[in-house]
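Below is one structure, written out as structure tokens, with a few remarks after it.
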Amino acid sequence: MGFPRATGEVARQTVLLLMQNRLLWVVGTAQLALPALSYLLGGAIGDRHAGRHDYAVTTWTLFVFVLVPWTTLYCGVQAVHADIEDRTFQYLFLRPVSRAALLLGKLIAVAALSTVLFCFGAVAWFLGFAARSTLWPEGVEFELVAIYAQAIAMAATAYAAIAVLFAARLRRPLVWGACFIVGLQVFVGNLPAKARIRYLTITDPVRRFLLDRLNPDRQLAQDLWHWEHEFKPDLIGQPVLNLAILTAVATALALWFYTRSEYDSRERE
Amino acid sequence: MSDANGADRVPLLAFANVSKWYGQVSALMDVSFAVGTEVVGLVGRNGAGKTTLMKLTCGLLRPSQGKVAVAGHDAGSATARAALGFCPDLDRLYERLSGRAFVAWMLRLHGVGSAQARARAGEVLEQLGLGADMHRRIGQYSKGMRQRVRLAQALAHRPRVVLLDEPMTGLDPIARHELAQTIAQLARDGVGVLVSSHVLHELEAMIGRVVLIHQGRLLAEGRVADLRGQLRGQPHRLRLGSERPRELAAALVRLPQVVGVEFADAAVQVALSGEPGFYGTLTALGAGSAGLVEEVQPLDDSLASVFGYLVG
């Protein structure tokens with residue numbers, strides 16, 4: 001079985017396995033209520049902000065900052081570490097496919113599932129705002145959804161890479177993942193531009209990507225990057241490249257550990 | 001090449017001077033043996049190194065020294081894994097999948113097409129007696145049913161070498177009997193089977209040869225009877241049925257080969273030294289006018305006895 005076919009088969013099966021997880025169904029079903037919620041929110045905000053501002057800030061907070069990191073981390077750990085923890089990895093490692101194909105298939109599955117789930121959510125969230133024409137004096141900006149869909153896809157892929165790295169290497173990947181999200185994404189990722197350590201985060205390049213594509217006014221830039229008081233376009237840099245490097249390094253490390261580790265295959269007492 | 005049993009000795013599985021250390025701890029030391037198209041038993045106490053040996057064969061572990069080959073390929077290589085089926089001693093499965101979905105998925109990873117994989121998975125599960133339950137979730141299966149699923153995933157892709165780690169676990173007597181027949185059929189079909197079990201009398205019934213592992217070392221290898229024959233330092237024990245056990249015992253104690261006699265109901269248990277000539281005398285005692293011996297039953301030709309003598 002060739003590498004691409006094996007990767008695809010593992011990805012397909014991982015998606016099917018993950019879709020049996022109740023948490024994903026709860027999140028997916030809850031998103032059906034998002035149009036109503038955003039419609040109500042749009043009414044509550046009134047004419048203080050334009051619709052693009054409200055949608056941009058709330059989608060950033062709800063999806064890119066909260067739902068995508070935590071859900072992707074959870075799914076990545078479930079896809080990789082659950083096998084290692086309960087020893088079922090043996091059944092997979094016995095097959096004539098490379099471990100790299102197994103891990104990449106799982107990573108792709110997690111990234112794809114998270115992307116689809118939250119792009120659907122971002123669209124649902126947009127619908128409520130779009131239904132209030134008073135929020136869009138210059139017409140509804142449907143391209144906002146496309147921009148956020150790209151941001152969600154980038155973030156989901158990067159978080160999936162981090163999740164499988166932690167799952168392949170660490171004994172308690174969810175704990176380490178929580179530290180990664182809270183420590184790096186929430187605190188370090190929000191530091192002002194002069195703090196170069198931001199490059200180690202996913203939050204920072206995704207936000208710079210959004211700032212680049214949204215062409216924000218001063219208020220929106222301030223709301224998306226609280227700690228950077230004087231946002232200037234030249235602070236954007238190359239967010240896609242930064243995130244691609246982070247994702248590639250995390251994936252390479254995950255592959256290294258996953259393909260070389262002798263995981264404990266004994267039944268626990 | 002064939003041995004005395006007619007078992008093909010082309011090494012489908014070969015261990016050559018294999019050692020495995022976990023840090024300072026030695027799990028296997030310089031183990032060498034081969035398995036052809038036959039059923040070989042792997043026997044040893046807990047922690048003797050049996051599971052390590054199986055994991056090395058699967059490529060789940062790498063040898064610290066030496067070489068393991070499966071069907072002529074390095075263990076752990078994709079070609080070796082394609083030729084191998086492994087039923088682990090592990091009660092963990094993908095609980096949310098049905099038995100057939102799980103086996104079909106494993107087959108898909110062997111490059112089998114989707115429809116063929118489902119059909120073959122159903123066929124194997126049917127053979128193993130799970131036909132009626134193959135569509136239920138594994139999480140709802142009994143222990144015996146789960147064991148059959150593990151066996152099915154090991155056999156579905158028609159491997160050339162099969163490793164079975166405690167395969168009888170959880171099976172009822174009928175299923176055990178059927179599995180023993182399945183294992184024997186595998187060898188007849190040209191498959192090399194290495195099977196470990198703590199139920200030695202069941203193991204003995206299905207194997208041609210045995211590999212005894214103790215404290216990570218290969219203690220003995222060969223047919224059980226041959227191994228027993230080589231244990232010259234150990235007295236051989238027989239149970240002799242007789243209607244006149246006292247007379248029989250009196251006759252036996254005069255023989256130089258007899259080192260001990262015990263009464264047991266309508267029988268005498270006798271311990272023999274390795275010296276020859278006893279069986280000629282025994283024939284005379286049984287067939288002659290004395291007619292003292294009605295039944296002869298070896299007590300320690302079993303695998304369990306051999307194991308006991310060797311391991312202590």
Side-chain angles (χ1 to χ4, degrees), chain A residues 1-25 75 78-106 109 168 257-269, chain B residues 20 22 46-47 51-52 54-64 70 73 75-97 101-114 117 137-139 149-150 153-154 157 159 163 165-166 169:
Chain A
M1 196 176 199
F3 189 90
R5 202 172 143 215
T7 305
E9 174 58 27
V10 173
R12 186 187 73 85
Q13 193 65 37
T14 305
V15 167
L16 292 177
L17 285 169
L18 286 172
M19 283 179 66
Q20 294 180 1
N21 194 302
R22 281 185 198 154
L23 181 71
L24 286 185
W25 283 102
C75 289
Q78 282 295 308
V80 178
H81 194 72
D83 280 354
I84 297 168
E85 188 66 19
D86 68 12
R87 280 48 175 162
T88 46
F89 70 89
Q90 293 180 65
Y91 298 112
L92 300 178
F93 286 9
L94 286 170
R95 311 299 149 187
V97 295
S98 70
R99 291 193 194 183
L102 291 174
L103 190 79
L104 276 181
K106 287 168 183 277
F257 291 123
Y258 197 67
T259 53
R260 298 184 67 83
S261 294
E262 289 186 349
Y263 293 113
D264 186 0
S265 52
R266 286 168 299 176
E267 180 104 73
R268 286 191 174 166
E269 296 296 328
Chain B
K20 176 68 182 175
Y22 297 107
N46 288 337
T51 300
T52 296
M54 289 202 166
K55 300 283 164 60
L56 286 166
T57 310
C58 298
L60 294 172
L61 300 174
R62 283 182 285 274
S64 307
V70 178
H73 303 281
S77 67
T79 327
R81 278 180 279 146
L84 188 71
F86 178 43
C87 174
D89 178 25
L90 170 80
D91 191 28
R92 294 282 195 278
L93 287 158
Y94 290 87
E95 308 291 331
R96 289 176 176 158
L97 293 180
F102 170 61
V103 178
W105 178 30
M106 296 298 111
L107 278 169
R108 294 277 289 140
L109 294 177
H110 281 271
V112 181
S114 180
R137 282 187 173 195
I138 292 173
V149 172
R150 288 201 292 275
Q153 61 81 31
H157 57 288
L163 306 180
D165 197 356
E166 300 289 344
T169 305

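None of these values were measured; they are calculated from a predicted model. Naming: A, B, ... by sequence-line order, numbering from 1 per chain.
- In this structure, Phe86(B) has no ring pair (Phe, Tyr, Trp, His ring centres under 6.0 Å) partners at least two apart in sequence or on a different chain.
- Applying a 4.5 Å heavy-atom cutoff, the residues of residues 4-13 of chain A that approach chain B are Arg5(A), Glu9(A), Val10(A), Arg12(A), Gln13(A).
- Ring centers of Trp105(B) and Tyr94(B): under 6.0 Å apart, within the cut-off.
- Side-chain atoms of Arg81(B) come within 3.5 Å of backbone atoms of Gly76(B) as a donor-acceptor pair (strictly under, hydrogens ignored).
- Considering every non-hydrogen atom in both Leu107(B) and Ala117(B), the closest pair reads CD1-O, 3.5 Å.
- Proximity of the aromatic rings of Phe257(A) and Tyr263(A) is defined here by a centroid distance below 6.0 angstrom, and this criterion is not met.
- A salt bridge is absent between Arg150(B) and Asp89(B); no separation between the charged side-chain nitrogens and carboxylate oxygens falls under 4.0 Å.
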